[in-house]
Number of protein chains: 2
Amino acid sequence: MDMAIKMKNKRPTLQDVADLVGVTKMTVSRYLRTPDSVSAPLQEKISAALETLGYIPNRAPDILSKSKSHAIGVLLPSLTNQVFSEVIRGIESVLEPAGYQTMLAHYGYSKEAEESRIATLLSYSVDGLIISESYHTDRVRKMLAVAGIPVIEIMDSVSPPIEQAIGIDNQAAAYAMTECMIKRGRQKIVYFAARMDQRTLFKIRGYETAMTDHGLTPLCLKTHSASSFTMGANFLKEALAQQPDTDGIFCTNDDLAIGALYACQKSGIRIPEDIAIAGFHGHDISRAMVPLLATVITPREDMGRLAAEHLLSRLQGNPITQAVIDLPFKIDIGESI
Amino acid sequence: MDMAIKMKNKRPTLQDVADLVGVTKMTVSRYLRTPDSVSAPLQEKISAALETLGYIPNRAPDILSKSKSHAIGVLLPSLTNQVFSEVIRGIESVLEPAGYQTMLAHYGYSKEAEESRIATLLSYSVDGLIISESYHTDRVRKMLAVAGIPVIEIMDSVSPPIEQAIGIDNQAAAYAMTECMIKRGRQKIVYFAARMDQRTLFKIRGYETAMTDHGLTPLCLKTHSASSFTMGANFLKEALAQQPDTDGIFCTNDDLAIGALYACQKSGIRIPEDIAIAGFHGHDISRAMVPLLATVITPREDMGRLAAEHLLSRLQGNPITQAVIDLPFKIDIGESI
DNA sequence: CCATGATTTGTTACGAGTAACATTACCATA
DNA sequence: TATGGTAATGTTACTCGTAACAAATCATGG
């Protein structure tokens, strides 16, 4: 066999193109960035050579010499949650048309994992970071400070931001929904909480404050595992066991609420006559189902979109105009409370 | 003000660490990779200096000299679709523990966009690619060939793969579900199709073949826009207008099916007595709702997981063991047919 | 007390593209 | 035809970490 020609299977470089044309790689480099800076005959020859070899630009040298990767790191707690899928969608809808690449990472709600993921993203010289959660370790804060790139925190608008935060006031949202249920006559409202992350803790506080403000006794069922329809059904059973006259359920997200709602339907519990159910986030399904789920509608995609827009603005050298952007939420009473 | 010390705000390099300790960067480099290759006193001093400066490794030189980024490019048609969120989850569940970074991109079902996204991913020297759809332009095929990195296609197991494909037989799946509905007595089944991508076309073919095989007349409602609950409701209206005695609906995905199902509930159409409804994919919601949605359960997360596993295996130098991996689907008749 | 080998640290070169500077080619005009 | 000026192309140096090689240091045994 001929094992001569083959072997050199590495992708073509500017030098390969230059050799084919008979010029230096500098000329090819110039052609790629400003075609007219090269003479007309060369333009054609270089263009043909690029096509022949299938040349693809290489960002590595640029990342090395200019520390600019044109990539943005996105660090979220989870990919399992629909909320974050929508955030990613919002982010990508801005970054991609702007020519930025998204580097996605997740840390499963673990602080140690967050540290290592941020280090990893920084090791790729990302030009900016979008991260979530409002609490960060000192090590994370130091890494971000040293990296000297713009960082935007999303999801929560209450905690003081590292630089800039875009989110909602989860506590106020939970308070509002709880109060709404109380005003509609519910007294024995149970809160279903999962994951127990920062945002969930804020929501619980909002719920508990609303309950005690109205002279009612809060009852919160908690799990550290992820939320799911099944978990919502399980929580329903437990709630009825602990508090048989439960007349309202407020869930940390739509999954739990829908799980609880279907479980009620299966056991002949009428919604909302017997028990009122409310969720959190307002996913598409809750806007379509029968009965319509009462929920707190949150601007998840907007959060991603705005975060990306502000990040790009800062990459263009603009200063931070607003350290905290508090996005509005909306209470939708649907048909389930 | 003192503008002396500040200014040099770029992130610390190995040289900075070395200067602080009083050695060459080579020594620090060695310490980072094999701490014991450096004398004990130096180990401590270097460790302290790294901490003081907040040094973060830089992958750029490695990418440049070894063309190894430890990043995997993932190109999907859309991020809007829950199917792909779950695929991403599967991919990340393997890549992240293996120390690989995910570079995510999407192309909105456009072939031109696919070309440019692949070029972008390659420009970052990704070590491997996971892409979707089975049809690719010549330019894409050439880029992939020149890049010389392992490529895995997911979602479809029928078309001949570039190198390796992992997916399901969409046509067979649609055929199976259609036949199942027919065997349960349905005659006037309408197909709801959206997006009209490769996979949808396969499904339509499966549905139509099953119908004609059983002497029935297929009727397919189509839209090029994305599927949604609303679209499912609209399709229902149109189906009843075009074929008032419609007794079955088979949808290209669960969203359309659920939208149609809820629309039926609202108009007093009984499911499945009056109309049988089936979806495709078996998302969590369809496994929890009342009535349980009949659906084709597809191994979305498995697809991602397997794709990532096979990719890693090939990055470790193993050959392709199976060019096409056809994953099983499952018909779940639920309570809606 | 020096030779020998082992251990530790240092030096040089490289990867791909580009900024900055240097050179060459070419044209028009005096 | 020499000259000035511009347009086109070439050269050099640089980015940061590390492989490969070189040098220095140290310990041990004869």
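Chain A is the first sequence line, chain B the second, and so forth, proteins listed ahead of strands; every chain is numbered from 1.
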Between the base of dG10(C) and the side chain of Arg30(B), is there a donor and acceptor pair under 3.5 angstrom?
yes
Taking 4.0 angstrom as the limit, do Asp197(B) and Arg195(B) come out as a salt bridge?
no
Min side-chain heavy-atom separation His106(B)-Arg117(B) under 4.5 Å
no
State, with a plain yes or no, whether a side-chain heavy atom of Glu153(B) is found less than 4.5 Å away from one of Ile162(B).
yes
Exercise: do Arg305(B) and Ser93(B) side chains pair donor with acceptor under 3.5 Å
no
Nearest-neighbour nucleotide for the Thr24(B) side chain, dA20(C), dT9(D), dT11(C) considered
dT11(C)
Quick one: label Ile63(A) by what it contacts on the DNA or RNA (base, sugar-phosphate, nothing), any heavy atom closer than 4.0 Å.
nothing
Rounded to the Å, how far apart are Lys68(B) NZ and dG15(C) P?
16 Å
Can you tell me how far P of dG17(D) sits from CG of Leu50(B), to the nearest Å?
11 Å
Round to a whole Å and report the spacing from CD1 of Ile46(A) to C1' of dG17(C).
15 Å
Taken to the nearest whole Å, CG/Leu122(B) to P/dA16(C) is 16 Å
Of the candidate nucleotides dT9(D), dG10(C), dG17(C), which contains the atom at the shortest distance from the side chain of Thr13(A)?
dG17(C)
Candidate nucleotides dC16(D), dG10(C), dA16(C), ranked by approach to the side chain of Val23(B) - the nearest
dG10(C)
Tyr31(A) and Ser39(A), any side-chain heavy atoms less than 4.5 Å apart:
no
So, does Ser29(B) get its side chain near the phosphate of dT18(D), meaning an N or O under 4.0 Å from OP1 or OP2?
yes
Report the distance from atom CZ of Arg11(A) to atom P of dG15(C), rounded to the nearest whole Å.
15 Å
Rounded to whole angstroms, how far apart are CG on Leu64(A) and C1' on dC14(C)?
12 Å
Which of dG17(D), dG17(C), dG10(D) is nearest the side chain of Tyr55(B)? It is dG17(D)
Leu14(B) has a side chain; which of dG17(D), dG17(C), dT18(C) sits nearest to it?
dG17(D)
Can you measure Asp36(B) atom CG to dT7(C) atom P for me and round it to whole angstrom units?
12 Å
Ser37(A) side chain N/O closer than 4.0 Å to the phosphate oxygens (OP1, OP2) of dA7(D)?
no
Could you check how far CE of Met26(B) sits from P of dG10(C), rounded to whole Å?
11 Å
Does the side chain of Thr137(B) pick up a donor-acceptor pair with the side chain of Glu115(B) at under 3.5 Å?
yes
When all nucleic acid strands are considered with a 4.0 Å heavy-atom cut-off, which category describes Lys25(A): base, sugar-phosphate, or nothing?
base
Would you indicate what Tyr31(A) reaches in the nucleic acid, counting non-hydrogen atoms under 4.0 angstrom: base, sugar-phosphate, or nothing?
nothing
Would you indicate which nucleotide in dA8(D), dA19(D), dA16(C) comes nearest to any side-chain atom of Asn58(A)?
dA16(C)
Closest to the 5' end of DNA chain C, once Asp62(B) and Leu32(A) are matched to their nearest nucleotides, is Asp62(B)
Under 4.0 Å: is that the gap between some side-chain N or O of Thr27(A) and OP1 or OP2 of dG10(D)?
yes
